[in-house]
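Just follow the structure's listing: the first ligand is 1, and inside any ligand the first atom is 1.
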Amino acid sequence: MSATAEALSNKLKSIIRDVPDFPKPGIVFKDITPLLADHAAFTELVQAFAEAYRGAGVTKVLGIEARGFLLAAPIAMALGAGIVPVRKKGKLPYKTVAASYALEYGTDTLEMHEDAVKAGEKVLVVDDVLATGGTAAAVCDLVEKLGGKVAGVAMLIELEFLNGRSKLAGRDIHSLIKY
Ligand code: AMP
């Protein structure tokens, strides 16, 4: 990691709030709301992602419900790309494509509008936390179902001990903060 990237990572880490035992015992929730409320730090993180993918030909930035929306929108503006929301089942009004992924107990389903990504389009997938990688892997599958190309997976935080990268083999993953 470069000195600049490390300085940014340390700054962001100092602003993100750990909330132990949320939403259930044993989980340390990474609360990014203090970071969203900090104009200077939020601007820096958006610029860091935009720099990482500038020149990659990205035409759509895909945000994963719900905190992913807050990151995807300004990154898309900075890259001159469109924004695509990926939502939990049943929330999108038009025709959708769906992908299911395993949770600790049972499965969950994410959906995207079927015309949100065109064949051959380069897509950046964005979320706040990469944990086990199940969510991001399902979203990459959705992009590819529509014939899109995953140009990268941009995650603000990567929980390395959960080895989410193993579910995203071969993908270009860029995380600003690692724990
Ligand atoms: P996963 O599919 O396990 O990679 O989980 C990723 C999704 O769960 C993301 O949408 C995150 O927002 C959320 N998530 C998982 N672990 C945490 C955590 N410790 N703090 C905050 N959000 C989390």
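Using a cut-off of 4.0 Å between Lys/Arg side-chain N and Asp/Glu carboxylate O, K178 and E6 are scored as not salt-bridged. K91 and E65 are not joined by a salt bridge, as no carboxylate oxygen comes within less than 4.0 angstrom of a charged side-chain nitrogen. Remark: E111 does not engage K88 in a salt bridge, criterion side-chain N to carboxylate O under 4.0 Å.
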*Would you sort out whether R165 and E158 count as a salt bridge (Lys or Arg N to Asp or Glu O under 4.0 Å), showing the intermediate values?*
CA-CA 9 Å; R165 280 180 187 254; E158 178 176 358; 2.7 Å; yes
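Checked by atom type and distance alone, the side chain of H174 never pairs as donor or acceptor with a backbone atom of A154 at under 3.5 Å.
Heavy atoms of other residues, nucleotides or ligands lying less than 6.0 angstrom from NZ of K149 number 12 at most.
Residues with a heavy atom under 4.0 Å from ligand 1: V28, F29, K30, R67, D127, D128, V129, A131, T132, G133, G134, T135, L159.
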